Amino acid sequence: MAAKGGKRGRACVVVLGDIGRSPRMQYHALSLARQVSLEVDIVAYGGSESHSAVLEHQSIHIHKMWPTFPRGVPSILKPLVLLIKPVIQVLVLLWFLCIKIPAPDVFLVQNPPSVPTLVAVKWASWLRRSAFIVDWHNFGYTLLALSLGRSSRFVAIYRWFERHFGKMADGSLCVTRAMQHELAQNWGIKATVLYDQPPEFFRPASLEEKHKLFCRLDKSLRKPLGVQDCTSTGTGEMLNKDINETVFTTLVGTDITSKLDRPALIVSSTSWTPDEDFGILLEAAVMYDRRVAAILNEDDSIQEEALWKEMQSGKQYLYPRLLFVITGKGPEKEKYEEKISRLHLKRVAFRTMWLSAEDYPLLLGSADLGVCLHTSSSGLDLPMKVVDMFGCGLPVCAVSYSCIKELVQVEKNGLLFSSSSELADELLMLFKGFPDACDSLKGLRNGALEMSSSRRWATEWEEHAKALILEVISKNLE
């Protein structure tokens, strides 16, 4: 796209956060480059690696800002940091947006965080005579209220800035119809709904891809030496040079098979933040463990080691072992890892890990079920992790909240729960007879596969975002 006034046709994607952990903004950058043929500058913090499709695209240029404050600031200094940090961030942002990068035709900024991002981008758009679009993922003031409380003066000030500068944008995108209604009715902002959809690299994994992934993750899937659980022994050994065995698969010569006595693989992706109550999942795991033991009339005196030895001899049970793989980074990770280490479970094991942008879709495409604990600070956004899971044909059990049914179709591609007991019931129902005789799970998987084939990010973006972005750029150039 050629632009008037000497500009080349350029967009700037702004994220006051780790770009590697902002997949929606990475997908925006790819669409702006591929579908509108713009040069794209990404201004964001570094940290996690972006997807290779972003890194390798010749028209996408990533500019990494430096962090403004170290983590672990003493609590007595936090009020001072709340005041000083936005000022420094504004200066850093303005330097990148007004000096470091070429003048764009449009700034596309992720919200939240709102302060100081919206302020800095609006000022930069004035100075560089560029258009300014906000992509509303959630509300920043509701996230701040999780730690400070709704009655906090800081929260009230934050909300004023978010609303005032949000209204000054030339256009807005948002993630749900519920958020679109809230923005229109109470904020005076007209927004276009752009649902999150998975890009093409989220898809079901082949058996060969699964086996290679499990081989790469073998050390992470097995506990360190001296710590045992129901999946930590009897795997990962080379039985002979022609047989390669993982927790889930066996390779004999060139033939790969899935083990009949394998554990069910359940994936939950989390940012380890207060808006996800991970305790629900731990409690559900304990309930599953105890209820299965009761259903099978197992003697409480049976030692875990004796049961694990029996499991690894190849014996199948009506209910399988469950291996929960929890991916992500965040502030509450260590707290929950400590809680997990204190659990004594016979049939359930947990692993926490951080995966590359290429391996994460493969893990989802290899799993049997996804669990989402996202509840939303505003109740108006949808969890992108569920979108990714559906893209891989992975059914989901998700926490129920106000607008989640815009994404999860109950008993078609997933189930909802409101308590740990409900989640435990769903796990028992879905995995009874695993891996071959679990019809309910197979039905949900078919629904998720159907959904994965119907919509993709490029199609959704073409229909709902492209026209808005081109219109905003065109008006700005008049």
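Note that the structure is a prediction, hence the values are computed from the model and not measured.
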Short N-O contact, Arg351 and Asp229, less than 4.0 angstrom: yes

Has Glu358 got more than 12 heavy atoms of other residues, nucleotides or ligands less than 6.0 Å from its CD? yes

Any side-chain heavy atom of Leu108 within less than 4.5 Å of one from Val14? no

Arg445/Glu450 salt bridge by N-O under 4.0 Å criterion: no

Can you say whether the rings of Phe139 and Tyr141 are parallel (under 30°), tilted (30 to 60°) or perpendicular (over 60°)? tilted

Pairing donors with acceptors under 3.5 angstrom, does anything connect the side chains of His28 and Asp135? yes

Quick one: sort the Phe248 and Phe214 rings into parallel, tilted or perpendicular, breaks at 30° and 60°. tilted

Does a sphere of radius 6.0 Å around CZ in Arg290 hold more than 12 heavy atoms from other residues, nucleotides or ligands, not counting ones at 6.0 Å or beyond? no

Could you walk me through whether Thr352 and Glu337 pass side-chain hydrogen bond (donor to acceptor under 3.5 Å, both in side chains), step by step? CA-CA 8 Å; Thr352 60; Glu337 283 182 328; 2.5 Å; yes

Do Cys174 and Leu183 have side-chain heavy atoms sitting under 4.5 Å apart? yes

For His181, does the NE2 atom have more than 12 heavy-atom neighbours from other residues, nucleotides or ligands under 6.0 Å away? no

Ion pair present between Lys64 and Glu49, side-chain N to carboxylate O less than 4.0 angstrom? no

Check this for me, if you would: do Glu283 and Lys339 make a salt bridge, where the nitrogen-to-carboxylate-oxygen distance has to be below 4.0 angstrom? no

Please check if the number of heavy atoms outside Lys190 that lie under 6.0 Å from its NZ is greater than 12. no

Classify the ring geometry of Phe201 against His51: parallel below 30°, tilted from 30° to 60°, perpendicular beyond 60°. parallel

Residue pair Ser172 / Trp136, side-chain donor-acceptor N/O under 3.5 Å: yes

Matching residue for Thr249 among His211, Lys210, Arg262, Lys259 - test: side-chain hydrogen bond (donor to acceptor under 3.5 Å, both in side chains): His211

Verify the distance criterion only: is there a donor paired with an acceptor across the side chains of Thr142 and Ser377 at less than 3.5 Å? yes

Taking the side chain as everything from C-beta on, heavy atoms only, tell me whether Tyr158 gets closer than 4.5 Å to Pro113. yes

Is the shortest side-chain heavy-atom distance between Asp277 and Leu373 below 4.5 Å? no

Lys/Arg cation over aromatic Tyr317: Arg347, 6.0 Å, 45° cone: yes

Any Tyr319 side-chain heavy atom under 4.5 Å of Tyr288 side chain: yes

Does any non-hydrogen side-chain atom of Leu16 lie less than 4.5 Å from one of Pro116? yes

Give the intermediate values and the outcome of ring-ring contact (aromatic ring centres under 6.0 Å, His included) for residues Trp461 and Tyr27. CA-CA 9 Å; Trp461 198 91; Tyr27 305 158; over 10 Å; no

Would you say Lys405 has more than 12 foreign heavy atoms packed within less than 6.0 Å of its NZ? no

Inspect the surroundings of CD in Glu411 and state if more than 12 heavy atoms from other residues, nucleotides or ligands are less than 6.0 Å away. no

Would you indicate whether the side-chain heavy atoms of Val13 and Val43 approach each other to under 4.5 Å? no

is_close_aromatic(Phe431, Phe434), centroid dist under 6.0 Å: yes

Do other residues, nucleotides or ligands put more than 12 heavy atoms under 6.0 Å from Lys432 NZ? no

I'd like to know if Asp425 pairs up with Arg291 as an ion pair, taking the criterion as any Lys NZ or Arg NE/NH1/NH2 lying under 4.0 Å from an Asp or Glu carboxylate oxygen. yes

For the pair Glu208 and Lys212, find out whether any cationic side-chain nitrogen is under 4.0 Å from an anionic carboxylate oxygen. yes

Walk me through whether Phe202 and Tyr360 qualify under side chain to side chain contact (heavy atoms under 4.5 Å, CB included). CA-CA 9 Å; Phe202 282 89; Tyr360 177 61; 4.0 Å; yes

Within the 4.5 Å heavy-atom criterion, are Phe161 and Leu118 side-chain neighbours or not? no

Find out whether the Lys NZ or Arg CZ of Arg159 is both under 6.0 angstrom from the six-membered ring centre of Trp187 and within 45° of the ring's axis. yes

